[in-house]
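Read the structure below first, then the notes.
The first residue in the sequence is number 1, and the count goes up from there. Just so it is clear, the model here is predicted, and its values are computed rather than measured.
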Amino acid sequence: MNKFVNIAILVLLGVFISFRINVACNELSKNKSSEDTFSALIDIPSTYHGTFNCTTCPETHIELSLNHDIYSETRQFSTRDFMPYTGMGKWQISGDTLTTYKDSGLTNLTFLIRPDSLYWLQNGRKVRQPGSNNWNYLLLKENPLSDL
């Protein structure tokens, strides 16, 4: 009888492990298809343009160009006190979020991906423009800095 109990425990353990592996594989598959959905919203190469407004910084016109794993960025500040900023680095998509990284590996900017637009995220949240109900966002291929 002891032998049958041991066999029953092994069979139950095998069924439990198989079940857990199946659940984990399904979750990985679901997460991957979600990432693929948001990745499909980004055409490569793509260029996004827009204006950032915040309470502690001057109005900033930004152009963000995405190529295969590399981005380049130009920021033109509304005040003449600041020189334009240009930078580049790597970018990646995780779920519905696109993150750009400086060459040093530090996070640069983070965006929520939507069709034809990227919503600027600050500390994981969308940012409201001061005195407005509008969200700060970059529109795909509109108002390039070269036209300013």
Side-chain angles (χ1 to χ4, degrees), residues 1-77 82 84-145:
M1 175 122 171
N2 208 6
K3 184 177 184 181
F4 292 115
V5 171
N6 288 341
I7 291 173
I9 290 173
L10 287 175
V11 167
L12 288 174
L13 186 60
V15 168
F16 176 76
I17 290 171
S18 296
F19 174 76
R20 292 300 301 156
I21 289 172
N22 186 33
V23 168
C25 288
N26 287 338
E27 282 298 313
L28 287 173
S29 175
K30 186 182 351 174
N31 289 343
K32 183 65 177 158
S33 67
S34 171
E35 281 188 25
D36 291 343
T37 300
F38 290 105
S39 295
L41 294 176
I42 304 289
D43 293 326
I44 302 300
S46 289
T47 301
Y48 293 81
H49 307 273
T51 302
F52 283 177
N53 295 308
C54 68
T55 55
T56 60
C57 58
E59 182 178 81
T60 305
H61 303 284
I62 186 168
E63 178 177 294
L64 180 69
S65 297
L66 302 174
N67 287 301
H68 297 282
D69 297 330
I70 301 292
Y71 79 92
S72 62
E73 168 190 359
T74 302
R75 295 183 198 183
Q76 179 69 49
F77 303 99
F82 296 104
Y85 166 82
T86 58
M88 63 184 315
K90 294 188 179 285
W91 64 275
Q92 72 178 33
I93 293 175
S94 178
D96 63 352
T97 305
L98 181 144
T99 304
T100 62
Y101 298 94
K102 297 178 182 180
D103 281 336
S104 64
L106 296 175
T107 299
N108 180 34
L109 296 170
T110 306
F111 302 93
L112 178 66
I113 302 169
R114 290 296 178 253
D116 295 332
S117 61
L118 299 175
Y119 287 86
W120 177 35
L121 298 176
Q122 198 172 39
N123 299 322
R125 295 182 175 168
K126 289 195 286 186
V127 181
R128 285 201 185 273
Q129 294 177 0
S132 171
N133 286 328
N134 296 326
W135 298 105
N136 282 335
Y137 60 92
L138 301 176
L139 289 178
L140 178 63
K141 299 181 183 176
E142 288 188 9
N143 300 322
L145 286 179

Please report the shortest heavy-atom distance between [X] and [Y], naming the atom on each side.
X	Y	answer
L98	I93	CD1-CG1, 4.2 Å
I113	T97	CD1-C, 4.0 Å
T74	T86	OG1-CG2, 3.8 Å

Enter the distance from N108:CG to T100:OG1 here, rounded to the nearest 0.5 Å.
3.5 Å

So, the side chain of W91 versus the backbone of I70: is there a donor-acceptor pair under 3.5 Å, distance only?
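Checked: pair present.
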
So, using side chain to side chain contact (heavy atoms under 4.5 Å, CB included) as the criterion, who are the partners of I7 when residues are at least two apart?
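So I7 forms a side chain to side chain contact (heavy atoms under 4.5 Å, CB included) with K3, V11.
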
Check side chain to side chain contact (heavy atoms under 4.5 Å, CB included) between S65 and all other residues, then give those that pass, not counting sequence neighbours.
T47, E63, S72

List in chain and number order the residues that pass ring-ring contact (aromatic ring centres under 6.0 Å, His included) with Y71, two or more places apart in sequence or in another chain; answer none if no residue qualifies.
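With neighbours one apart ignored, the set is empty.
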
Non-hydrogen side-chain atoms of [X] and [Y] separated by less than 4.5 Å:
X	Y	value
L109	E73	yes
H61	F77	no
Y48	L66	yes
T60	T51	no
F111	L64	yes

